[in-house]
Amino acid sequence: MIDVKFIRENPEKIKEICRKRNMECDVDRFNEEDLKFRKAKLKNDELNALKNRLNGKENAEKIKNIKKEIKENAEKMKDADEKRKKIWYKMPNLLSEKVPYGITDKDNAEIFRTEIKYPEFIPEMHDEIGKKLGILDMKKGAQVAGKGFYYWKGAGAILMQALINYGINFLIQKNFIPMFTPIMTIKDTLFGTGYHPFFEEESYKIENEKLYLIGTSEQTLIAYHMNETLREKDMPKLYTAYTPCFRTEAGAYGKENRGAFRVHQFNKVEQIAFTVPEESEKYHMMFLENVKEFIDSLRIPYRIVNVCSGDLGAPAYLKYDVEAWFPGFGDFRETHSASNMWDYQARRMNIKYLKNNKLIYPHTVNSTLVTDRLLLAIIENYQKKDGNIEIPEVLHTYTGGLKIIKQC
RNA sequence: GGAGACGUAGUCUAAUUGGUAAGGCGUCGGUCUUGAAAACCGAUGGGGUGAAGGCCCCAUGUGGGUUCGAGUCCCACCGUCUCCGCCA
């Protein structure tokens, strides 16, 4: 959510941002309704002031008439307020100057790339390898839950668990507070993090309940401090959590859906920060460095792209995607996404902190560290000519000594 | 699931039979001091309006209602605690 004063004073800037993001937002209409609201509010205040002055038994009749007028005026005020909020809540975040202009993900700007080592044999895709080794079962997943679900089995499950544990420990050592969060949540959480209304069709709603399945632990970790006032001395607040994540993937289509790339449920270790405004960029870069260090330790090639204005998503201020190299697939695929949300989420969530007795909205930063996709990348990158896969050295302490997965 | 109690600001705690939110702590500013502490003084939620001093409105979990007037009374919802029941 953007500061209402900023919208009033900079309507052209907001329009420019919407153009760059390739999205609609009626700033003029907002300002119209905002003006109506303020006018009605002024009248409302005056009537209330009058009522307060008259208070007393002798003025009972007069007050009743004023109250009637107040009620009528309040309707107008509420109406204008709702209309402006409807537009307001759908306004995207401000844009960092670093965001490149572009329409689709093809316009994302590559800013970093590691060296790719091509194998001397024709590599297979993870779903083929997983099937042959009996560690990834797409067919059973579809049988039990439908398309977009799968089983990790045996050594595959061990690897998934190992990667999650490695990720969590990696972040605990960097002073993140680990959490287990609810994986169902109320709508306020999704609104506050900007997933509603922007990606509303992406979330699963529980029938007959007011609950939704989370699409990421970012939602529940940010909402942990909903309606709270934090202390400046406690900043930054760093959290991590492992949770399953659920996404409908409505509207997703195309050939790039082969394998387990696009699924309805996956595992994720997330990094989250609440920072003072001056430091969000620093922590955003730190999160990206964490990801680099982590992938480097797994020895997987990757590149980093600066996500362009049209592909950024409305709530994000600046976003870097990390795309791991998938030899079997023969291309880079997004495995991580690190975003600076600026104060957008804090405003929507009503999270502030106290500085010199003034309430200031903190900035929030989030980034992936581990998902199933990273394991898919491991599988494709560590496949050997004989069909076996080696397990990255850093994971050995987490796999109970398992170092190689062989065909049986 | 049943019964009862409770929800006040950054935090802790007040508020006759309904009469318009009092304090403590913390924080910030100031006085004093070589500096600090202590002490003392002031400030310390949101919004609107004004060039400014200022003025006004809203805010006691949320939303309604009764009343000239609601923290207080009534209804619904959310949450917390206690007891009972049920299940691990």
Side-chain angles (χ1 to χ4, degrees), chain A residues 1-11 30-89 91 179-192 196 205-206 208-212 214 219-220 222-237 274-278 343-364:
Chain A
M1 198 153 83
I2 303 178
D3 184 8
V4 65
K5 281 180 187 162
F6 186 88
I7 307 173
R8 283 173 196 156
E9 288 162 16
N10 304 282
F30 172 86
N31 280 325
E32 242 172 69
E33 295 300 336
D34 182 53
L35 207 64
K36 272 188 206 167
F37 167 78
R38 283 190 286 167
K39 215 171 150 186
K41 160 122 173 94
L42 194 65
K43 192 173 178 189
N44 183 71
D45 288 357
E46 280 167 0
L47 288 170
N48 270 323
L50 183 63
K51 186 184 94 164
N52 289 344
R53 251 178 272 133
L54 285 175
N55 195 5
K57 264 183 187 171
E58 63 281 7
N59 291 319
E61 270 310 304
K62 280 185 184 172
I63 288 175
K64 276 186 181 171
N65 287 331
I66 294 171
K67 276 179 82 174
K68 204 182 272 176
E69 206 178 336
I70 287 176
K71 205 162 186 176
E72 283 168 15
N73 185 66
E75 291 283 320
K76 283 185 198 166
M77 189 169 85
K78 204 173 162 187
D79 182 62
D81 192 34
E82 273 167 10
K83 280 178 180 160
R84 73 173 185 155
K85 274 179 178 162
K86 209 171 171 186
I87 303 168
W88 192 8
Y89 292 163
M91 271 187 203
M179 303 268 248
F180 277 101
T181 85
I183 59 172
M184 290 187 223
T185 189
I186 57 172
K187 193 170 183 162
D188 298 19
T189 309
L190 306 182
F191 170 80
H196 282 202
K205 187 167 190 310
I206 308 291
N208 299 328
E209 300 276 348
K210 291 177 189 169
L211 295 170
Y212 295 79
I214 60 170
Q219 293 160 352
T220 43
I222 296 291
Y224 183 74
H225 289 298
M226 181 159 41
N227 296 322
E228 264 189 50
T229 303
L230 308 173
R231 289 160 190 271
E232 191 185 14
K233 63 173 183 178
D234 294 334
M235 310 289 259
K237 283 186 167 288
F274 293 87
T275 79
V276 297
E278 302 76 38
D343 63 1
Y344 195 80
Q345 292 182 325
R347 284 180 185 279
R348 287 169 89 95
M349 280 280 187
N350 188 29
I351 301 170
K352 11 335 117 170
Y353 74 93
L354 217 49
K355 184 183 184 181
N356 293 351
N357 286 326
K358 285 212 161 185
L359 291 175
I360 296 179
Y361 291 104
H363 285 190
T364 53

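In what follows, chains are A, B, ... by sequence order, proteins preceding strands, each numbered from 1. On a predicted model such as this, the values are computed, not experimentally measured, just so you know.
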Select from A/K352 and A/K64 the residue whose nearest nucleotide in RNA chain B is closer to the 5' end of that strand.
A/K352
With C1' as the reference atom in both, quote the distance from B/A14 to B/G2 in angstrom, rounded to an integer.
34 Å
Compute both the distance and the angle, then confirm whether A/R231 meets the cation-pi test with A/Y353: under 6.0 Å from the six-membered ring centre, within 45 degrees of the axis.
no
With sugar-phosphate meaning primed atoms plus P, OP1 and OP2, does A/L359 contact a base, only sugar-phosphate, or nothing at under 4.0 Å between heavy atoms?
sugar-phosphate
Pairwise distance CZ(A/R84) to CG(A/N31) - rounded to 0.5 angstrom
10.5 Å
Out of the candidates A/K85, A/K78, A/K83, only one should pair with A/D81 under the side-chain hydrogen bond (donor to acceptor under 3.5 Å, both in side chains) rule; please name it.
A/K85
Rounding to a whole Å, what distance do you find between A/N59:CG and B/G19:C1'?
15 Å
Whole-Å distance between B/G79 C1' and A/K210 NZ?
12 Å
Does A/R38 put a side-chain nitrogen or oxygen below 4.0 Å from OP1 or OP2 of B/G47?
no
Expressed in whole Å, how much space separates the P atoms belonging to B/C74 and B/A88?
40 Å
Taking only the C1' atom of each, what is the distance from B/U8 to B/G23 in whole angstrom?
13 Å
Rounded to the nearest Å, what distance is computed from the CD1 atom of residue A/I360 to the P atom of nucleotide B/G46?
11 Å
Roughly how many Å apart are B/G29 and B/U16, using the P atom of each and rounding to a whole number?
37 Å
Within the structure shown, what part of the strands sits under 4.0 Å from A/R347 by heavy-atom distance: base, sugar-phosphate, or nothing?
nothing
Do you see a donor-acceptor pair shorter than 3.5 Å between the side chains of A/N73 and A/K71?
no
Sugar-phosphate, base or nothing in reach of A/K71, heavy atoms under 4.0 Å:
sugar-phosphate
Take atom P in B/G71 and the same atom in B/A3, then report the distance between them in whole Å.
29 Å
Please give, in whole Å, the distance from B/G79 P to A/M226 CE?
12 Å
Are any non-hydrogen side-chain atoms of A/T364 and A/Q345 less than 4.5 angstrom apart?
yes
When rounded to whole Å, the NZ to P distance for the pair A/K233 and B/G10 reads 16 Å
Has A/K205 got its NZ or CZ under 6.0 Å from the middle of the six-membered ring of A/Y212, at an angle within 45 degrees of the ring axis?
yes
Please report the distance, rounded to the nearest Å, between CD1 in A/I7 and P in B/G47.
14 Å
Taking atom P in both B/C32 and B/C41, what distance in whole Å separates the two?
16 Å
Would A/I66 and A/L50 satisfy side chain to side chain contact (heavy atoms under 4.5 Å, CB included), going step by step from the backbone distance to the final call?
CA-CA 8 Å; A/I66 294 171; A/L50 183 63; 3.7 Å; yes
Any side-chain heavy-atom pair of A/K36 and A/K76 under 4.5 Å
no
Checking ring-ring contact (aromatic ring centres under 6.0 Å, His included) for the pair A/F274/A/H363: CA distance, chi angles, key distance, verdict?
CA-CA 6 Å; A/F274 293 87; A/H363 285 190; over 10 Å; no
What are the atom names and distances for every N/O pair under 3.5 Å that joins the protein to nucleotides 52-58 of chain B?
residue : atom : partner : partner atom : Å
B/C57   : OP1  : A/N52   : ND2          : 3.3
B/C57   : O2'  : A/D45   : OD1          : 2.8

When the distance from CG of A/N350 to P of B/G45 is rounded to whole Å, what number comes out?
15 Å
A/I183 and side-chain contact (heavy atoms from CB on, under 4.5 Å): which single residue from A/T220, A/L211, A/I214 fits?
A/I214
Please tabulate the protein-to-nucleotide N/O contacts below 3.5 Å involving nucleotides 25-30 of chain B, giving atom names and distances.
residue : atom : partner : partner atom : Å
B/U27   : O2   : A/N357  : OD1          : 2.9
B/U27   : O2   : A/N357  : ND2          : 2.9

Under the 3.5 angstrom rule, does the side chain of A/N59 hit a backbone N or O of A/L54 as a donor-acceptor pair?
yes
Starting at atom CG of A/D188, determine the distance to atom P of B/G79, rounded to an integer number of angstrom.
12 Å
For A/L42 and for A/L54, find the nucleotide of RNA chain B with the closest heavy atom, then tell me which residue's nucleotide is more 5'.
A/L42
Expected output check: what is the dot-bracket annotation of RNA chain B, where ( ) and [ ] are pairs inside the strand (brackets for crossing ones), | is paired with another strand, and pairs are Watson-Crick or G-U under 3.5 Å?
(((((((..(((......[...)))((((((.......))))))(((((....)))))..(((((..]....))))))))))))....
Looking across every strand, which nucleic acid part, if any, lies under 4.0 Å from A/K5 by heavy atom: base, sugar-phosphate, or nothing?
sugar-phosphate
What interatomic distance, in whole Å, is found between P of B/G10 and the corresponding atom of B/C84?
37 Å
Expressed in whole Å, how much space separates the C1' atoms belonging to B/G26 and B/C75?
39 Å
Any side-chain to backbone donor/acceptor pair from A/R348 onto A/Y89? Under 3.5 Å, distance only.
yes
Can you find a side-chain donor-acceptor pair between A/Q219 and A/T189 that sits under 3.5 Å?
no
